[in-house]
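Residue numbers start from 1 in every chain, and the chains themselves are labelled A, B, ... in the order their sequence lines are given, proteins ahead of strands. The analysis underlying the following values was restricted to heavy atoms, covering all of them including side chains, and did not include hydrogens, waters or symmetry mates.
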There are 2 protein chains.
Amino acid sequence: MNIDVPDIVVRRLPIYLRVLRRLQAEGVEETPSHMLAKTLGISAARIRKDFSHFGEFGQQGRGYQVKKLTVELQRILHVDNIWPLVIVGVGQLGHALAMYDGFQENGFRIVALFDNDPAKVGMTVNNVPIQHIDYLEGEIRRHQLQIAVLAVPASQAEAIADRLVAAGIKGILNYANITLRPRPGVIIQQIDPTIILQHMTYYLEQPRN
Amino acid sequence: MNIDVPDIVVRRLPIYLRVLRRLQAEGVEETPSHMLAKTLGISAARIRKDFSHFGEFGQQGRGYQVKKLTVELQRILHVDNIWPLVIVGVGQLGHALAMYDGFQENGFRIVALFDNDPAKVGMTVNNVPIQHIDYLEGEIRRHQLQIAVLAVPASQAEAIADRLVAAGIKGILNYANITLRPRPGVIIQQIDPTIILQHMTYYLEQPRN
DNA sequence: GCCTGTGAAAGGATTCACAGCG
DNA sequence: CGCTGTGAATCCTTTCACAGGC
């Protein structure tokens, strides 16, 4: 049990949580670390060490109670309540994200959508109305939103990120294919499939050509 | 210069490449490591050390030539030719991915789309026809495809992954919110926004509630 | 002077291996 | 006996700091 937990450990917690929820859905009530380890392709020691940063959740000789561990992880990750989200940019991608059920299922609720295209304003996606981006700051402040999903073109991403941060956003999930400049006090994470694919191709051999 | 390069270094190369392409688009011809470092929010030493695994690409007193370094990184990452891709699952997300320009722009071309819904078969997205999933293995073998993007429901992901691997796929980019069982000789990477958001919330405080 | 490339040092993360408990 | 939790050992990554070159 340790006060300051390495970020690399925190990153793995949501992955553990996802497996545990799946086990729970399958009716599994307890599981030892080496079963989780096998499912995830990592070592059992790492799993036990990771949990040990937060307390003692297991039972010798038996393993972990799935239900109990799930609850603990949700508490640790602050996902024991619903987090409201805003999505900025309702193009193809933003639209698909707004329709995506996974957010709801994992404790996030999309409460606002913004776009700069007047033609889209007033339309609703998944029962959430699209508002003009002029109202971005007002809505963030009104709902005290902390998390934004950024799905605008790369050329606009930095400028929108500045506006989000100025309005009080503390976490940005960026889908634009640009590395956003770091901002103090703000957690910025990136999703870019081409970055991941280029990492893969390092290990692959181009066929003919 | 080293034979075996740590994976963590390889993971950063696509990020460097993206910044360099951006600099090139802006007309910047050379840049020192500390400028790249500042843009990315990491240390200059790390950048120089990363490059040093592959050779000596810089000039003392001047930095790196953007054009030259770009070419070197593309070669190292095996993205100096076009990689063909297949997308499996053409729901909201698969559709958005099929429309996404970023793949083309970064050296990937979508050559086939598959879905199990007969109503979708025959429709085209971005000029690529949707085929029934029965033809999956045949097309993968015919085009000798190595990379697949998986955008099917979580419940089907493991089964489809098995089929992909049996047909010769070596890299899977998985969008389903399940951790796929590891398969020997296959690189599996995951994109799951809720995992990233749950990592963020660890560092945020839930407001009232 | 500015900047790279790199050994050496420092700092982290993972695995080992086992005491201790149910 | 099976499994957790954990110090110790190992392994890996980053930073430091500077020689050497433009």
Side-chain angles (χ1 to χ4, degrees), chain A residues 1-16 19-20 23 28-73 76 182 199 202-203, chain B residues 1-16 19-20 23 28-73 76 182 199 202-203:
Chain A
M1 180 99 177
N2 199 332
I3 290 291
D4 116 88
V5 179
D7 182 67
I8 195 155
V9 172
V10 177
R11 273 174 201 277
R12 285 191 291 259
L13 300 183
I15 296 170
Y16 300 148
V19 174
L20 289 166
L23 288 176
V28 178
E29 293 189 356
E30 48 185 42
T31 184
S33 59
H34 62 86
M35 287 306 284
L36 295 173
K38 202 180 168 196
T39 308
L40 294 169
I42 63 179
S43 82
R46 189 148 92 178
I47 290 176
R48 294 199 302 276
K49 194 76 138 200
D50 282 356
F51 293 158
S52 78
H53 285 97
F54 304 97
E56 309 195 356
F57 305 136
Q59 302 164 258
Q60 281 110 329
R62 312 208 40 137
Y64 298 90
Q65 281 181 256
V66 173
K67 173 73 182 171
K68 182 188 170 203
L69 190 52
T70 302
V71 170
E72 293 285 359
L73 288 180
I76 293 164
H199 165 240
Y202 176 84
Y203 296 102
Chain B
M1 181 96 176
N2 199 332
I3 290 290
D4 118 87
V5 180
D7 182 67
I8 197 156
V9 172
V10 177
R11 273 173 201 276
R12 285 190 291 259
L13 300 183
I15 296 170
Y16 300 149
V19 174
L20 289 165
L23 288 175
V28 178
E29 293 188 357
E30 47 185 43
T31 183
S33 60
H34 62 86
M35 287 306 283
L36 294 173
K38 201 180 170 197
T39 308
L40 294 169
I42 62 179
S43 82
R46 189 149 92 179
I47 289 175
R48 295 199 301 277
K49 195 75 139 198
D50 282 355
F51 292 159
S52 78
H53 286 97
F54 303 96
E56 308 196 356
F57 305 135
Q59 303 164 259
Q60 280 109 329
R62 312 207 40 134
Y64 299 90
Q65 282 180 255
V66 173
K67 172 73 182 169
K68 182 188 170 206
L69 190 52
T70 302
V71 170
E72 293 285 1
L73 287 180
I76 293 164
H199 166 239
Y202 176 84
Y203 296 101

Visitor: Under the side chain to side chain contact (heavy atoms under 4.5 Å, CB included) criterion, do A/L23 and A/T70 qualify, and how do the steps go?
Guide: CA-CA 10 Å; A/L23 288 176; A/T70 302; over 6 Å; no
Visitor: For A/D7 and B/Y202, run side chain to side chain contact (heavy atoms under 4.5 Å, CB included): C-alpha distance rounded to whole Å, both residues' side-chain angles, the deciding distance at 0.1 Å, then the answer.
Guide: CA-CA 10 Å; A/D7 182 67; B/Y202 176 84; over 6 Å; no
Visitor: Could you give all pairs that pass the salt bridge (Lys or Arg N to Asp or Glu O under 4.0 Å) test and reach residues 28-49 of chain B, with sequence neighbours left out?
Guide: B/E30-B/R62
Visitor: At less than 4.0 Å, is any side-chain N or O atom of A/R46 found next to OP1 or OP2 of C/dT14? Yes or no.
Guide: yes
Visitor: OP1 or OP2 of C/dT14 versus the side-chain N and O atoms of A/R12: is any pair under 4.0 Å?
Guide: yes
Visitor: Whole angstroms only, please: what is the CG-P distance between B/L69 and C/dT4?
Guide: 11 Å
Visitor: Using a heavy-atom cut-off of 4.0 Å across all strands, would you classify B/F57 as base, sugar-phosphate, or nothing?
Guide: sugar-phosphate
Visitor: Can you figure out which of C/dT15, D/dT4, D/dT15 approaches the side chain of A/Q60 most closely?
Guide: D/dT4
Visitor: Please report the distance, rounded to the nearest Å, between CG in B/D7 and P in D/dC12.
Guide: 13 Å
Visitor: In Å, rounded to the nearest 0.5 Å, how long is the span from CG of A/L20 to CD of A/Q65?
Guide: 12.0 Å
Visitor: Which of these nucleotides, D/dC3, D/dT14, C/dT15, is closest to any side-chain atom of A/A45?
Guide: C/dT15
Visitor: Within this structure, what is the CD1-to-P distance between A/I42 and C/dT15, rounded to whole angstrom?
Guide: 8 Å
Visitor: When only distance counts, do a donor and an acceptor, one from the side chain of A/R62 and one from the base of C/dG22, lie under 3.5 Å apart?
Guide: no
Visitor: For B/K49 and D/dA17, what is the distance between atoms NZ and P respectively, to the nearest whole Å?
Guide: 14 Å
Visitor: In whole angstroms, how far is the P atom of D/dG20 from the CD atom of B/Q59?
Guide: 20 Å
Visitor: Just how far, in rounded Å, is C1' of C/dA13 from CZ of A/R11?
Guide: 14 Å
Visitor: If you check the A/I8 side chain, which of D/dC16, D/dT14, C/dA13 turns out closest?
Guide: C/dA13
Visitor: Among B/Y16, B/F57, B/F51, find the residue that satisfies the ring pair (Phe, Tyr, Trp, His ring centres under 6.0 Å) test when tested with B/Y64.
Guide: B/F51
Visitor: B/Q65 CD to C/dC3 C1': how many Å, rounded?
Guide: 14 Å
Visitor: For D/dT4, does either OP1 or OP2 sit under 4.0 Å from a side-chain N or O belonging to A/S33?
Guide: yes
Visitor: Would you tell me if any nitrogen or oxygen in the side chain of A/Y64 comes within less than 4.0 Å of OP1 or OP2 on D/dG2?
Guide: no
Visitor: To the nearest Å, give me how far apart CZ (B/R48) and P (D/dT13) are.
Guide: 19 Å
